[in-house]
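Report on the structure given below.
As the structure is a computational prediction, the values presented were derived from the model and not from experiment. The sequence lines fix the lettering, A, B, ..., with proteins before strands; numbering per chain opens at 1.
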Amino acid sequence: MADTPREPYVGRAMKRVEDPRLLQGIATYVDDLRLTGTLHAAFVRSPYAHARITRISTAAAKAAPGVVGVFVASDVNQACGIVPCAADMPNLKNPQHRALADGRVYFVGHAVAVVIARDAYTARDAALLVDVDYEPLPVVTDPEAAIKPGSPLTHPDLGTNVAFEWSMSTGDDAELERLFKSADRVIRQRMVHQRLTPVAIEPRGCVASYHRGEQSLTLWTSTQIPHLVRTLLPGMIGVPENKIRIVTPEVGGGFGSKLNVYIEEALCSHLAMRLHAPVKWIETRRENMSATIHGRDQIGDYEVAVKNDGTLLAIKSRTIADIGSYPQLLTPAVPTLTGLMLTGCYKYKAMRMDVTGVYTNKMSTDAYRGAGRPEATYLIERMADIVANELRMDPIRFRQMNSPTSSDFPFATACGLSYDSGDYHAALAKARRLARWNELLDTRARARKDGKLFGVGVSTYVEICALGPSKAMSAGGWEWGCVRIEFSGKATVITGSTPHGQGQETSFAQIAADRLGLPIEDVVVLHGDTNVSHYGRDTYGSRATVLGGTAIVMCIDKILAKTRTLAAHLLEVKPGDLTFEGGRFSANGKSLGWEDLAPAAYVAKNIPPGFEPGLEASSFFEPENFTFPFGTHIAAVEIDRETGETRIVKYVAVDDCGPQINPLLVAGQVQGGIAHSIGQVLFERTVYDEQGQLITGELMDYPLPRAHDIPEYVLGSTVTPSPSNPMGIKGVGEAGTIGATPTIANAVMDALYPLGVRHLDLPLTPEKIWRAIHLGEDDRGGARIPEADRSAPRYTTADVGEGALEVGNV
Amino acid sequence: MSELSRREFLGTTAAGIVGSSAIPAPDVVANQSPPAPVSAPRTAIRLIVNGRERDVEVEDRWTLAEMLRDHLQLTGTKVGCDRGECGACTVLLDGAPIYSCSYLAVWAASRSVETVEGLAAGAQLHPVQQAFIDHDAPQGGFCTSGQLMSAKALLAATPRPTADQARAALTGNLCRCSNYNHYVEAVVAAGASSSIVPESGRGDGQ
């Protein structure tokens, strides 16, 4: 062990321990598993958005050589239960989605039958031999039309397309109306948050294997939530929870799409038990696009009450959430997160949000990176620009005058939350400095003089992370961890927050190595196998490092307290006389390290009275509050007048996620998040036609950002610790996606401002922008900016000093 | 070692397992000993994989990705879309990057294929692999093999690429974690390191 104190690991840009196996092609993803005797599943899926199944003929498929069985609803639905929805939505009308379509399909991609064969080729070939007769039914695709009287019904049995209605408000609606009446202006805008497809590059997949002797089931599945699957799957397939083991091997991205319990997991598990052989299913890309979950898809009518001096008074939102055809795990919860975060970075007094969740004949929506918060931030930050425009105010000045200052924290929001800590003005000032704001405005002025369309955009944001306190979560919001000092003195750290690319094998080792005084090479982080990581609430909502990391800290503190008594006993001193530094307990010039103490604890021949042998501790960390990371992003864009194409010429992000465990990993998360926003703002939109056919069912039709679409980023940070956990950390997995969408959209709209364009809905494709430039087409005929205002300066250079210029990653 | 017929192998094991079922479902009873699946036409090919000569009897419908993953146990090549859209399956064919999901195995007869498994020389990582670690390029890792192979092809042709050249070379490889800038930095850095030599000077996988 090093004698000289070393620099802490926490805070350093440590290289990932995960990388060598990923880079040599020797990591194991689900599709890389090879179990002897594995049978392969292929699904027959509906080509219709809504139809009655009048006949299914499986004879030809069953007769195909190599086919083991073909299963339809009547064979398996009773045994596979109902797809669980864990969102707490009391008045939810649930159509009870089951494993296979029973008599009626209600979205394109709805599974009708599953073929099991001795190889994947045979299974897929035989799936084509299953003959299904459909009688098409009226299709519901427009959520606004769907709630009007006389609309066809997605689920005729429910008698309505309204899945739920949910409202939240500051509390006093009379006060809200009074504020609206007393306002100098009420500014309205309708915005569409388009449907998006998460597209993890690794598709879903699972392998189920049943051990008849032990009567135990093992399910390897590409999921973000092995522990929630272990909690929920038993109720579906009738195997006791303590006989189910869920293993997540390497997971190649999730973004929310693997934050669910899916029918394929239940079916493969059931069929593995029934057929006494491992059953494997690997999702095709088309299945991934059409039969998992989509994200976003809200339409909102927003009203903002302001005074002429720019004071923001109150906000009203009426939102229609198109949730597709049935609730997946968290479907109804997503728009509620939008409501909770409607405050944004602003100190207005009252709000009200009314959400109508609507069933349509489409795939379910659920959490996609950001899950409800990007919608909130986008709408409020777009509204901030629209309001500032109308008041002829500098949009930055508008934000500054309406945001809380650092002394306002903890900040009680109009939405009933308590923001833990923040310094929004500092992040805004830093972003301006890094962006060389005044130079950008000069560049814009010159560009406009030259007839170019150049725009700058800014967005502040605050997000809700570390989901969350159990009182606010339907299935527990804590996180579990376990730390064991092995006989050798090396440490094994086990977390319930299973990463899927975030790098917690590295960052948790940094945390543990520092606290234990061990070299990082002596710490191994295990996760993703419920026989090893017994409990957990998994990885979503930017929660893993805050909650999982804190659980590890709690475990280590328990071990340190226990080990102190052992060291005191062995050194014959009082526990209070010992110091602990560099992994050694010392007193009176004598010291013991883990390599001495761990064997003593396990051999257990010379231990203090009452000392429980071994050095292991587990902990559940229950947070008191969410965390609220925040920041400011700035973008500059140039639009090609002839093609309508947008080029991002500068991108600056200042994010405050509290102290950073590993800045390299933070940068990776922020960059990835911004790229998702570039996709949402400029290209991505999941499209169903009026027959409910998915038009964007392939990556040829659904454009993801590519290497050449991504600008250089200037990344900076401020550090405002959260009081809600001992490390003060806040979470960063979704920040980029939340801050960047309004930033880029605001920059594009600023570029189009001289043309009088007030608002365009996303995505801002070249065609849409070209039409706005050349044909004067705005979304839904939105009001255009008056001629007289179009030359008015937006964004001034006056109020914030630029300070010293900084460039690069700061 | 000659390639064992997967269909024969699976045929034996699966029939045994299904046949021994104590409580088979009704659907399965009818198929207690299902005949082996019908084989598609096969062709014997010889090719070089990561510097090593391999003889494989391939079904004519196998893609190169399938042959590598399922029959040569080289699972480092990933299949993300199976239709030439995402680039996760990129391998090098006679040094040029191709989507192995959209290329038939039989077409690779007498040619040289390089996969991610052939990049490192024993324990010594290829400079581009080391650069990927140094620049925190992978996150989920599923697209990474393809990114590496595209990068390798670029570096073989252009040992000192600019960032724009690196972006262009990687543009056929989707990454939803979207750490593109770290990938680009890594490729540029790998080029700047003196250890990259033109392709003819290396004996990958030997």
Please flag which part of A:R34 lies under 4.5 Å from any non-hydrogen atom of chain B: side chain, backbone, both or neither.
side chain

Contact class of B:L148 relative to chain A, heavy atoms under 4.5 angstrom
side chain

Could you verify whether a donor N or O on one side chain and an acceptor N or O on the other, from B:Q147 and B:N173, lie under 3.5 Å apart?
no

The interface call for B:L74 against chain A, heavy-atom contacts under 4.5 Å, is neither

Taking A:E287 first and then A:R124, would you say they form a salt bridge - that is, a charged N and a carboxylate O separated by under 4.0 Å?
no

Contact origin within B:A88 toward chain A - heavy atom pairs under 4.5 Å:
side chain

Honestly, the part of A:Q502 sitting under 4.5 Å from a heavy atom of chain B is neither

Does any backbone or side-chain atom of B:N181 lie under 4.5 Å from a heavy atom of chain A? Answer side chain, backbone, both or neither.
both

Give the member of B:R176, B:R167, B:Q130 that has the highest number of heavy-atom pairs under 4.5 Å with chain A.
B:R176

So which bits of residues 672-679 of chain A come within less than 4.5 Å of chain B, counting non-hydrogen atoms only?
A:G672, A:A675, A:H676

Reference residue A:S209; test side-chain contact (heavy atoms from CB on, under 4.5 Å); the match among A:V279, A:L35, A:L33
A:L35

Side chain from CB out, backbone as N, CA, C, O: work out which of these in A:V251 comes under 4.5 Å of a heavy atom of chain B, or both, or neither.
backbone

Please flag which part of A:I26 lies under 4.5 Å from any non-hydrogen atom of chain B: side chain, backbone, both or neither.
neither

Where on B:D164 is there a heavy atom nearer than 4.5 Å to chain A: the side chain, the backbone, both, or neither?
neither

Measure A:E698 against the heavy atoms of chain B and call it side chain, backbone, both or neither at under 4.5 Å.
both

Heavy-atom contact with chain A under 4.5 Å, split by part of B:T144:
side chain

Where on A:I282 is there a heavy atom nearer than 4.5 Å to chain B: the side chain, the backbone, both, or neither?
neither

